[in-house]
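One structure is given below, encoded as structure tokens.
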Amino acid sequence: MTKAKPFKPGLRLQDRALRSLIWVLLCLPYAWRVRLCGWLLGRVIGPLAGYDRRVRENLAKILPDLPEAEVRRLSRAVPNNAGRTLIEMYSGEELIERAMKHPLSGPGLAELDKAIAARRPVIVVSGHIGNHDAGRAALIRRGYPFGGLYRPMMNPYFNEHYVAAISRLGTPLFPRDKRGMAGMIRFLRGGGMLGLLIDQHMGHGARLSFFGHDAMTALSAAEMAIKYDALLIPIYAIRLENGLDFRIVVESPIPRGTPEAMTQALNDNLEALVRQHLDQWLWIHRRWKT
């Protein structure tokens, strides 16, 4: 008999509060809900949670010469983008429709299509910029065999709700556990595309450079690309000026080399894009932990 999991009232209350907020937002027209959720994160929840302070701390470390007016703008705009991304993830077909409005573009598109035609494994690397789920949804809807790796939520009650939402944008999805990793490898070896995010602190990663500072970075994307002869290619979904639509950019593939050199190239590629869209990257994250 399976042992029942202990009831945790604090996490259950958090789950109910989040589900209620999402339900209310989903009752609104798409454009209203996206803008409102962005405003709530940028102007209400973000300051209460200390997100604006964390944005300021990261900017002071990485871009200390930014004018104060720009720092103030980013301290609101960054959580605003995070709020938009959150409710977009729960919007299913409406997000997919927005993600499909513009064709794929970028210098790596021909190489990507060539790999797919040859059933060669592809590892797509992205970051917390724009809305990476929009990119995944757009590729799946266009017929690309795209699978994603996700980290289960710390709140087990809310995790079921979260997994259902990201599954509506497309499958397969693989959790970061032993069973999920085994399924992910089978999918990749069968000629699938696997999506990974590279811009979070990884305690057991390599000490590489990001914005000129040491950043512990996972080498797993490059290591798998070498092991399974997979195309390693960065793809991003950049939010357009209207705040609702996206441009899906397929960058040039990363040349074969050592895992460290390939991963540094991924960091450099993402850094160049972040510099163009400072307000769309997740400066809330503690990327440069010592």
Side-chain angles (χ1 to χ4, degrees), residues 2-27 30 33-34 37 40-41 45 49 81-100 123-142 144-188 190 192-200 202 218 220-221 224 235 237 246 282 284-285:
T2 303
K3 185 178 179 180
K5 295 181 179 179
F7 178 70
K8 297 180 179 180
L11 293 179
R12 175 63 80 181
L13 181 62
Q14 181 189 62
D15 168 58
R16 292 305 178 191
L18 287 170
R19 290 187 188 222
S20 298
L21 174 61
I22 291 167
W23 181 83
V24 169
L25 288 168
L26 289 176
C27 291
Y30 182 81
R33 90 175 67 122
V34 172
C37 196
L40 286 172
L41 262 290
I45 299 172
N81 184 70
R84 288 172 182 254
T85 299
L86 172 66
I87 199 61
E88 286 165 346
M89 179 180 68
Y90 283 93
S91 296
E93 283 294 326
E94 292 167 297
L95 172 62
I96 295 172
E97 181 181 339
R98 292 284 179 168
M100 292 287 290
I123 296 177
V124 173
V125 175
S126 192
H128 291 84
I129 184 169
N131 183 344
H132 57 87
D133 275 321
R136 179 172 69 89
L139 286 164
I140 292 172
R141 182 55 60 90
R142 285 183 165 89
Y144 289 88
F146 194 105
L149 183 67
Y150 72 92
R151 187 187 301 276
M153 303 290 282
M154 294 294 290
N155 186 325
Y157 305 112
F158 189 69
N159 185 64
E160 180 182 354
H161 194 245
Y162 164 72
V163 173
I166 59 177
S167 296
R168 284 192 292 272
L169 297 177
T171 55
L173 289 167
F174 306 100
R176 281 184 179 271
D177 58 26
K178 187 175 181 180
R179 184 176 179 181
M181 297 296 280
M184 178 194 75
I185 295 302
R186 286 195 299 271
F187 173 74
L188 184 64
M193 293 173 63
L194 178 67
L196 301 173
L197 300 176
I198 195 157
D199 56 346
Q200 289 187 309
M202 183 62 64
S220 51
M224 285 192 293
I235 301 181
F246 301 90
L282 197 65
I284 297 166
H285 176 60

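Any value given below was found using the heavy atoms of this structure, including those in side chains, with hydrogens, waters and symmetry copies removed. Note that the structure is a prediction, hence the values are computed from the model and not measured.
Between His161 and Phe158, the two ring planes are tilted [angle within 30° to 60°]. The aromatic rings of Tyr150 and Tyr162 sit perpendicular to each other, their planes meeting at more than 60°, with 30° as the lower class boundary.
For the atom pair CE (Met224) and CG (Leu188), the distance works out to 6.5 Å, reported to the nearest 0.5 Å. Annotation: the span from Met89 atom CE to Asn131 atom CG amounts to 9.0 Å, rounded to 0.5 Å. The CD atom of Glu93 lies 10.5 Å from the CZ atom of Arg168; values are rounded to the nearest 0.5 Å. Separation of atoms CD1 (Ile87) and CG (Leu40) is listed at 10.0 Å; rounding is to 0.5 Å. With rounding to the nearest 0.5 angstrom, the CG atom of Leu149 is 6.0 Å from the CG atom of Leu196. To the nearest 0.5 Å, atom CD1 of residue Ile166 and atom CG of residue Leu173 are 5.0 Å apart.
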Could you tabulate the donor-acceptor pairs under 3.5 Å formed by side-chain atoms of residues 176-185, not counting sequence neighbours?
unit_1, atom_1, unit_2, atom_2, d
Asp177, OD1, Arg179, N, 3.3
Asp177, OD1, Gly180, N, 2.6

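Applying the salt bridge (Lys or Arg N to Asp or Glu O under 4.0 Å) criterion to Asp199, with sequence neighbours excluded, gives no partner residue. Applying the side chain to side chain donor-acceptor pair (under 3.5 Å) test to Gln200 and every residue at least two apart in sequence or in another chain returns nothing. With sequence neighbours left out, the side chain to side chain donor-acceptor pair (under 3.5 Å) criterion links Gln14 to Asn155. Considering only residues two or more places apart in sequence or on other chains, Tyr30 meets the side chain to side chain donor-acceptor pair (under 3.5 Å) condition with none of them. Arg19 pairs by the salt bridge (Lys or Arg N to Asp or Glu O under 4.0 Å) definition with Asp15, not counting sequence neighbours.
Using a distance-only test at 3.5 Å, with no hydrogens or angles considered, no donor-acceptor pair links the side chain of Ser91 to the main chain of Leu26. Counting only distance, with no hydrogens or angles, the side chain of Arg12 and the backbone of Tyr157 share no donor-acceptor pair below 3.5 Å.
Shown here for Leu194 and Gly148, the closest heavy-atom pair between the two residues is CD1-C, 4.4 Å. Considering every non-hydrogen atom in both Asn81 and Gly130, the closest pair reads ND2-O, 3.2 Å. Scanning both residues, Ala221 and Ile123, for their nearest heavy atoms gives O-CD1, 3.5 Å.
Ion pairing of Glu97 with Arg141 is absent here, as no side-chain N (NZ or NE/NH1/NH2) approaches a carboxylate O to less than 4.0 Å.
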Please walk me through it: do Leu169 and Arg136 pass side chain to side chain contact (heavy atoms under 4.5 Å, CB included)?
CA-CA 8 Å; Leu169 297 177; Arg136 179 172 69 89; 3.7 Å; yes

For the pair Glu88 and Phe246, evaluate side chain to side chain contact (heavy atoms under 4.5 Å, CB included) and give the outcome as yes or no after the intermediate values.
CA-CA 12 Å; Glu88 286 165 346; Phe246 301 90; 3.6 Å; yes

